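Structure first, commentary second.
Positions are given from 1, in the same order as the sequence printed here. Quick caveat: nothing in here was measured; it's all calculated off a predicted structure.
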Amino acid sequence: MLLTGRINSYAQFVAVLAVFVLVLGLTALTTKWIAGYQRRQNMNCNIEVLETTRIGNNKYIQLVRIGETCWAIAVCKDTVTLLGEVPKEQLKEKGPGNAGPRFKELLEKAMKPKE
């Protein structure tokens, strides 16, 4: 009687673990699908946020491209204020050399056994 109770407990544990992994996988796939859908929706837009910098609690400065013109705006909790136009010649292009390390590289570095 005790042996069948243990087997039943292990079977329930494996079933719950399988359901958890299934739900986790479905969540990941749904998130990936929604991200791709939103990316496709915004591909042909004339408005693009180029860069955002935080300057305080709920206060940001954003560089926004509207059509062919770039603008600097201040975004606060309740307001958005136009700071001015930014000439394209003054903008620095963010190249692949300026980007930080990729998440995959950081994860591989963290998982590597220390010598």
Side-chain angles (χ1 to χ4, degrees):
M1 194 69 155
L2 185 62
L3 184 61
T4 58
R6 277 193 180 163
I7 291 173
N8 192 19
S9 295
Y10 287 129
Q12 284 181 347
F13 174 73
V14 169
V16 167
L17 187 63
V19 168
F20 174 73
V21 169
L22 179 68
V23 168
L24 198 61
L26 287 173
T27 303
L29 289 174
T30 303
T31 302
K32 194 171 188 176
W33 177 78
I34 288 173
Y37 176 77
Q38 287 179 340
R39 189 176 305 125
R40 284 190 304 270
Q41 293 293 336
N42 292 331
M43 284 188 76
N44 295 326
C45 291
N46 288 311
I47 300 172
E48 179 183 11
V49 177
L50 301 175
E51 195 171 333
T52 302
T53 301
R54 183 179 178 161
I55 58 173
N57 260 358
N58 296 326
K59 296 177 183 171
Y60 302 90
I61 293 179
Q62 292 185 335
L63 284 175
V64 181
R65 182 187 56 80
I66 301 173
E68 294 296 319
T69 310
C70 295
W71 300 92
I73 59 172
V75 180
C76 300
K77 182 179 177 183
D78 296 326
T79 62
V80 176
T81 306
L82 177 64
L83 299 176
E85 185 176 350
V86 179
K88 281 190 174 183
E89 301 83 43
Q90 291 184 358
L91 296 177
K92 295 180 182 176
E93 289 294 324
K94 190 173 191 177
N98 295 341
R102 298 183 57 145
F103 177 74
K104 184 177 179 182
E105 295 167 0
L106 292 174
L107 184 62
E108 288 173 353
K109 185 177 177 182
M111 297 298 285
K112 186 190 296 184
K114 294 187 179 183
E115 297 174 0

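Residues Trp71 and Leu82 approach most closely at CE3-CD1, 3.5 Å, considering heavy atoms. Minimum heavy-atom separation, Thr30 to Leu26: OG1-O, 2.7 Å.
Under a hydrophobic-cluster definition in which Ile, Leu, Val, Met, Phe, Trp and Tyr are linked whenever side-chain heavy atoms come within less than 4.5 Å, directly or via other members, Val21 and Phe13 are assigned to different clusters. Under the 4.5 Å side-chain contact rule for hydrophobic residues, Val75 and Ile66 share a cluster. Side-chain heavy atoms closer than 4.5 Å link hydrophobic residues (I, L, V, M, F, W, Y) into clusters, and following such links, even through other members, never connects Leu63 to Tyr60. Val64 and Val80 fall within a single hydrophobic cluster, where Ile, Leu, Val, Met, Phe, Trp and Tyr are joined by side-chain heavy atoms under 4.5 Å apart, directly or via other members.
Summarising the local packing, CD of Glu108 is surrounded by more than 12 heavy atoms from other residues, nucleotides or ligands at distances under 6.0 Å.
In this structure, Arg6 contributes its side chain and Asn8 its backbone to no donor-acceptor pair below 3.5 Å.
A distance of 9.5 Å separates SG in Cys76 from CD1 in Ile61, rounded to the nearest 0.5 Å. To the nearest 0.5 Å, the span separating CZ on Arg65 from NZ on Lys88 amounts to 7.0 Å. Here the straight-line distance linking atom OG1 of Thr53 with atom CD of Gln62 works out to 9.0 Å at 0.5 Å rounding. Between Phe20 atom CZ and Leu17 atom CG the span is 8.0 Å, to the nearest 0.5 Å.
Scored by the side-chain contact (heavy atoms from CB on, under 4.5 Å) test, Thr81 finds Ala74, Thr79 as partners (sequence neighbours excluded).
Between Arg54 and the options Asn58, Asn57, Thr52, a side chain to side chain contact (heavy atoms under 4.5 Å, CB included) holds for only Asn57.
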